[in-house]
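Note: hydrogens, waters and symmetry copies are ignored here, and every other heavy atom, side chains too, is used. We count ligands from 1, going down the list as the structure has it; atoms in each ligand are counted the same way.
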Amino acid sequence: MKTQITELFGIEHPIIQGGMHFVGFAELAAAVSNAGGLGIITGLTQGTPEKLDAEIKKCQALTDKPFGVNLTFLPSMTPPDYPGLIEVIINNGVKVVETAGRNPAVYMPAMKDAGIKVIHKCTSVRHSIKAQDIGCDAVSVDGFECGGHPGEDDIPNFILLPRAADELEIPFVASGGMADARSLVAAMALGAEGMNMGTRFIATEDAPVHQNVKEAIVNASELDTRLIMRSLTNTERVLNNPAVESLMAKEKALGDDLKFEDIIDEVAGVYPKVMMDGEPEAGAWSCGMVAGLVSDIPTVKELIDRIMSEAEDIIASKLQKAI
Ligand SMILES: Cc1cc2nc3c(=O)[nH]c(=O)nc-3n(C[C@H](O)[C@H](O)[C@H](O)COP(=O)(O)O)c2cc1C
């Protein structure tokens, strides 16, 4: 399938694997790229430029296809070494960066000078337009359904995507709630040039996370995610579990007086325990409503091949026949 996104990134299929903390390691990124999509290493999981350098080199040993690095810009008292992380991305010849979180404008000149294509992930039309204005090449439009941080507007993709299509000149992919061929074809009908998946890629053989996490996603339904940290204006969609319920009880009791320190036990340092040690109930971790559409643990290649062949079938049989 050829779309503006496959052309922009030099990939075979219009499917991107979004950056995911403690999931987006070289093994997953390479598997997605080898299967014809665009794999993404999560920069902040590596933490330091030295560790990101090693992870990029590992990915380059596993694939000769294009892959990218996610840089999530968080508000922080002690920010990560973003200039150092960007330097190793450039020095290793990585040609795609997925930015997310705060506005990446100050880092755009360095990335553009190095010939890097920047896709900014954001949850609103106004932020998408801003991304276009600062020179991003594409946008990943993340609807309210998404795992992770859906923002504070709560606009689902059936509204958000056509709104983005009405306003944007640069291409965009649909993100949030994407799982299969139906998602891809629907996203394209709504104006997207492809799709970005997070949660669906965790439940694959290639995702370098504990089997318990994959099974937790397969066993979850679309009713099993919760929104946390809304009063901190840092809303996150996570998989429900007893730790999340205890966090939400604190939110209810403290209301607008809630401070990050009040819930630190349920959110800080949780990812390595969940993803590596296989303790999905250790705390709050991002997961999309799309878990309700995930019922198996295929290889990444099986998943992408299935999506592409079923998408062609939907377009050529069902849609073509309807007219
Ligand atoms: C476990 C997990 C961790 C994530 N970590 C990040 C991250 O560090 N940076 C980021 O930009 N997005 C992160 N995301 C969001 C994904 O890149 C993607 O936008 C989102 O999962 C799309 O929604 P979906 O889960 O419905 O596919 C994370 C998502 C999950 C499920």
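Within the listing of ligand 1, atoms 11 (O) sit less than 4.0 angstrom from a heavy atom of Ala100. Interface atoms of ligand 1 facing Met197, defined by a heavy-atom separation under 4.0 Å, are 27 (O). Residue Gly18 has at least one heavy-atom neighbour below 4.0 Å for each of these atoms of ligand 1: 17 (O). Short contacts between ligand 1 and Asp142, defined as distances under 4.0 Å to a heavy atom of the residue, involve ligand atoms 19 (O), 22 (C). Each of the following atoms of ligand 1 lies closer than 4.0 Å to a heavy atom of Asn196: 18 (C), 19 (O). Close contacts between ligand 1 and Val290 involve ligand atoms 26 (O) [criterion: under 4.0 Å to a heavy atom].
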When the side chains of residues 154-163 are checked against the rest of the protein, which donor-acceptor pairs come out under 3.5 Å, sequence neighbours left out?
from	atom 1	to	atom 2	distance (Å)
Asp154	OD1	Arg230	NH1	3.3
Asp154	OD1	Arg230	NH2	2.8
Asp154	OD2	Arg230	NH1	2.8
Asn157	OD1	Gly143	N	3.4
Asn157	ND2	Ser175	O	2.8
Asn157	ND2	Gly176	O	3.0
Arg163	NH1	Glu167	OE2	3.0
Arg163	NH2	Glu167	OE2	3.3

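Linking ILVMFWY side-chain heavy atoms closer than 4.5 Å, directly or via other members, places Met20 and Val218 in a single hydrophobic cluster. A single hydrophobic cluster is seen to contain both Ile315 and Met195, as judged by linkage of ILVMFWY side chains at heavy-atom distances under 4.5 Å, directly or through other members.
At the shortest separation from atom 26 (O) of ligand 1 among protein heavy atoms lies Gly177 N, 2.8 Å. Nearest protein neighbour of atom 9 (N) of ligand 1, counting heavy atoms only, is Thr72 OG1, 2.9 Å. Summary of contacts: the protein heavy atom closest to atom 27 (O) of ligand 1 is Gly198 N, 2.9 Å. At the shortest separation from atom 5 (N) of ligand 1 among protein heavy atoms lies His21 N, 3.0 Å. Protein heavy atom nearest atom 13 (C) of ligand 1, with residue, atom name and distance: Gly19 O, 2.9 Å. Of the protein's non-hydrogen atoms, the one nearest atom 30 (C) of ligand 1 is Ser286 CB, 3.5 Å.
From Met308, atom CE reaches atom CE of Met1 across 4.0 Å, with rounding to the nearest 0.5 Å.
A salt bridge between Lys58 and Glu27 is present, with a side-chain N of the basic residue lying under 4.0 Å from a carboxylate O of the acidic one. Between Arg200 and Asp296 there is a salt bridge, since a side-chain N of the basic residue sits under 4.0 Å from a carboxylate O of the acidic one.
Under 4.0 angstrom from ligand 1, the non-hydrogen atoms of Asn70 all belong to its side chain. Contacts with ligand 1 closer than 4.0 Å are made by heavy atoms of both the backbone and the side chain of Thr199. Within the 4.0 Å heavy-atom criterion, neither part of Thr45 lies near ligand 1. Contacts with ligand 1 closer than 4.0 Å are made by side-chain heavy atoms of Ser175 only, the backbone lying farther away.
Closest heavy-atom approach to atom 12 (N) of ligand 1 among the candidates Met20, Lys121, Met275, Glu145: Lys121. Evaluated by nearest non-hydrogen atom to atom 20 (C) of ligand 1, the leading choice among Gly147, Ser140, Cys122, Gly43 is Gly147.
Counting heavy atoms from C-beta outward, Val118 and Ile134 have side chains that stay 4.5 Å or more apart.
Relative orientation of the Phe73 and Tyr107 rings is parallel, given thresholds of 30° and 60° on the angle between their planes.
What you find for Val141 and Ala164 is that their closest heavy atoms are CG2-CB, 4.1 Å.
Side-chain N/O atoms of Thr299 and Glu205 include no donor and acceptor closer than 3.5 Å.
Residues passing the salt bridge (charged side-chain N to carboxylate O under 4.0 Å, His left out) test with Lys130, sequence neighbours excluded: none.
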